[in-house]
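Since this is a predicted model, take the numbers as computed values, not measurements. As a basis for the values below, the full set of heavy atoms in this structure was taken, side chains included, without hydrogen atoms, waters or symmetry mates.
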Amino acid sequence: MLIRFEHPPTTGVIYVMDRATTKGWKYGDKSWGNFGQGAPEVGQIPNAPERPLTIEMKEEQFEYAPVAGLKGLREAVANLYNARYREGKDSKYTWENVCIVPGGRAGLTRMAASIGDANVGFFLPEYTAYEALLTIFKKFVPIPTPLDKDSNYHITPPRLYREIHDRGLGVVVVSNPSNPTGQIIEGEELKEWVDIARTTKTTLVLDEFYSSYIYTHPENPGKSVSSAEYVDDVNVDPILILDGMTKNFRMPGWRVCWIVGPKDYISSMASSGSFLEGGANHPLQAAAIPLLEPKRAHADAVALQAHFLMKRNYVLDRLAKFNMPVLCPPKATFYIWLDLSHLPEPYCNGLTFFEGCLDEKMICVPGIFFDINPGKRRDLAQSPYQGFVRLSFGPPMDELEAGLDGLERLLRKIGYLV
């Protein structure tokens, strides 16, 4: 009997980059503005610590690293979280509360493989890779909750509680700060989220990959935001945190990330990794250890926030000059959720707008790709996110300038600008 192979869902960003490639885009082509990029620029930025350009290896690093990660790196992650978020608290993270994984998707997969049957709640729009995750693992019943611009894509604690209580959610998965809207739950509201997870015994999976891209605290440069600050007991509260070197340290190519949570959860995810991907790169794990020293990490965050705030403001200013105001400016991340409803037909549709941008060497991501739809159970023809695109100000400034020049040409071509 011939075995049937199923093609897993393709993320929207993959589709976007495939279409751009057919139009002539290639990596390193500075004539294009890649606003579809889901990664930050990786070069040296003003006032940031020097980045390692060479790695000195030891012979033992040719061996496999432990599936849960090098103990030294796990200790460094725990120390960073304690320094940033656990000062004055009795319960502290240790290396046993940390699992090192080869990238954010690998971390999500380990979590999914370790969690039993559950109703899994998520909020729309959301990170595109969650669709494949919630489709492939059949033990999950994915339950979406759409958000809209009228609420500024904000999830209040009472709404979170209602979703958990009324829908019987055992797990809630959310990116905070949010990809793609750039909004954030922080402070007292984030504390209430953690309290709700604790009291309802709901596992809260928080993708905190953008936790240093924070623009709401100019009085406190370098401040990062994490649910770790509000955990009572690090081995009891059902909070799983996913982060890594990818975004906050601007090293996506290293594929060194981590999960932080209760020891029992981490032990399960170490076991899952043994049959999934086997663990992260040994020498790069070792090279990451000194980069997580708290004072250095803080200096990195201060420089990152100043640089990306400058790019954020530049893009918002130019969009305003194009008469394309952003109704919900990003408070975090390096994404702008752009409403196209005021553009003429057919360019008020994200897919049509995207194709028009490609003709002007500018890449963006249609909003419909963030209306994640595990199992294709909903008809997306009337998706509320059809009229949006996500713009990334992750790339270097020269690419942002080139991309916005292309957008201006498109807007003139369709008669929106004269």
Side-chain angles (χ1 to χ4, degrees), residues 8-21 25-29 32-43 45 101-109 122-133 153 173-184 206-215 242-257 304 307-308 311-312 315 330-338 350-351 353-354 357-358 362-372 385 388-397 399-400 402-404:
T10 301
T11 67
V13 174
I14 298 298
Y15 171 84
V16 162
M17 300 319 297
D18 285 348
R19 287 291 300 138
T21 300
W25 173 84
K26 58 183 180 294
Y27 284 103
D29 186 344
W32 282 74
N34 184 7
F35 281 72
Q37 179 174 315
E41 59 179 291
V42 299
I45 61 175
V101 292
R105 293 174 180 84
L108 288 167
T109 304
F122 58 97
F123 297 92
L124 299 172
E126 186 54 280
Y127 173 44
T128 58
Y130 292 175
E131 179 168 324
L133 181 83
Y153 303 97
V173 182
V174 64
S175 59
N176 186 52
S178 169
N179 173 8
T181 67
Q183 303 308 302
I184 185 171
L206 285 153
D207 171 348
E208 296 185 349
F209 267 96
Y210 302 93
S211 56
S212 288
Y213 294 84
I214 307 297
Y215 313 121
L242 184 63
D243 200 348
M245 306 301 292
T246 305
K247 304 297 197 307
N248 290 320
F249 294 86
R250 300 186 301 111
M251 295 178 169
W254 281 28
R255 291 291 185 189
V256 174
C257 300
L304 178 148
H307 186 66
F308 279 78
K311 294 198 294 179
R312 167 193 181 272
V315 176
K331 298 176 180 177
T333 75
F334 45 78
Y335 300 122
I336 292 170
W337 186 240
L338 186 62
L351 287 165
F353 181 84
F354 159 69
C357 286
L358 289 182
M362 190 268 209
I363 306 170
C364 58
V365 183
I368 194 172
F369 292 135
F370 300 95
D371 192 352
I372 63 172
Y385 311 119
F388 292 84
V389 292
R390 188 194 73 176
L391 304 182
S392 166
F393 51 94
M397 193 61 153
E399 287 191 43
L400 300 183
L404 289 169

* **Rounded distance [0.5 Å steps], CZ in Phe334 versus OH in Tyr210** => 4.5 Å
* Structure fact -> Nearest heavy-atom contact between Glu126 and Pro180 is N-CD, 4.0 Å
* Please walk me through it: do Leu304 and Lys247 pass side-chain contact (heavy atoms from CB on, under 4.5 Å)? -> CA-CA 10 Å; Leu304 178 148; Lys247 304 297 197 307; over 6 Å; no
* **Ile368 CD1 to Thr128 OG1 distance, which is reported to the nearest 0.5 Å** => 13.0 Å
* Asked: Taking only residues two or more places apart in sequence, or in another chain, which ones meet Glu41 in a salt bridge (Lys or Arg N to Asp or Glu O under 4.0 Å)?
  -> Lys311
* Determine, stepwise, if the pair Trp337 / Phe370 fulfils side-chain contact (heavy atoms from CB on, under 4.5 Å). => CA-CA 11 Å; Trp337 186 240; Phe370 300 95; 3.8 Å; yes
* **Distance (rounded to the nearest 0.5 Å) between Phe35 CZ and Glu399 CD** => 9.0 Å
* Asked: Does the side chain of Arg255 come within less than 4.5 Å of Arg105's, by heavy atoms?
  -> yes
* Side-chain contact test, heavy atoms from C-beta onward, threshold under 4.5 Å: evaluate it for Val13 versus Arg390 and give yes or no. => yes
* With Phe369, which of Phe354, Tyr385, Tyr15 fulfils ring pair (Phe, Tyr, Trp, His ring centres under 6.0 Å)? -> Tyr15
* **Straight-line distance of Asp207 CG to Cys257 SG, nearest 0.5 Å** => 10.0 Å
* Structure fact -> Of all heavy-atom pairs linking Glu131 and Ile372, the shortest is OE1-CA, 3.3 Å
* Mind checking whether Lys26 and Trp32 have side chains closer than 4.5 Å, heavy atoms only? -> no
* Looking at Pro125 and Thr181, what are the two nearest heavy atoms and their distance? -> CG-CG2, 3.7 Å
* Asked: Is the closest side-chain donor-acceptor distance between Thr333 and Asn179 under 3.5 Å?
  -> no
* side-chain contact (heavy atoms from CB on, under 4.5 Å) evaluation trace for Leu206 with Val174 -> CA-CA 5 Å; Leu206 285 153; Val174 64; 3.4 Å; yes
* At their closest point, which heavy atom of Ala20 faces which heavy atom of Ile363, and how far apart are they? -> CB-CD1, 3.7 Å
* Determine the minimum heavy-atom distance between Phe393 and Pro330, stating which atoms define it. => CE2-CG, 4.2 Å
* Asked: Are side-chain heavy atoms of Val365 and Val389 found at a separation under 4.5 Å?
  -> no
* Asked: Can you check whether Tyr213 and Phe308 have ring centres sitting under 6.0 Å from each other?
  -> yes
* Structure fact -> Between Cys364 and Val16, the two heavy atoms sitting closest are O-CG1, 3.4 Å
* Structure fact -> One should read off an interatomic distance between Ser178 OG and Tyr127 OH, to the nearest 0.5 angstrom, of 13.0 Å
* Calculate, to the nearest 0.5 Å, the distance between atoms CG and OH belonging to Leu124 and Tyr130 respectively. => 12.0 Å
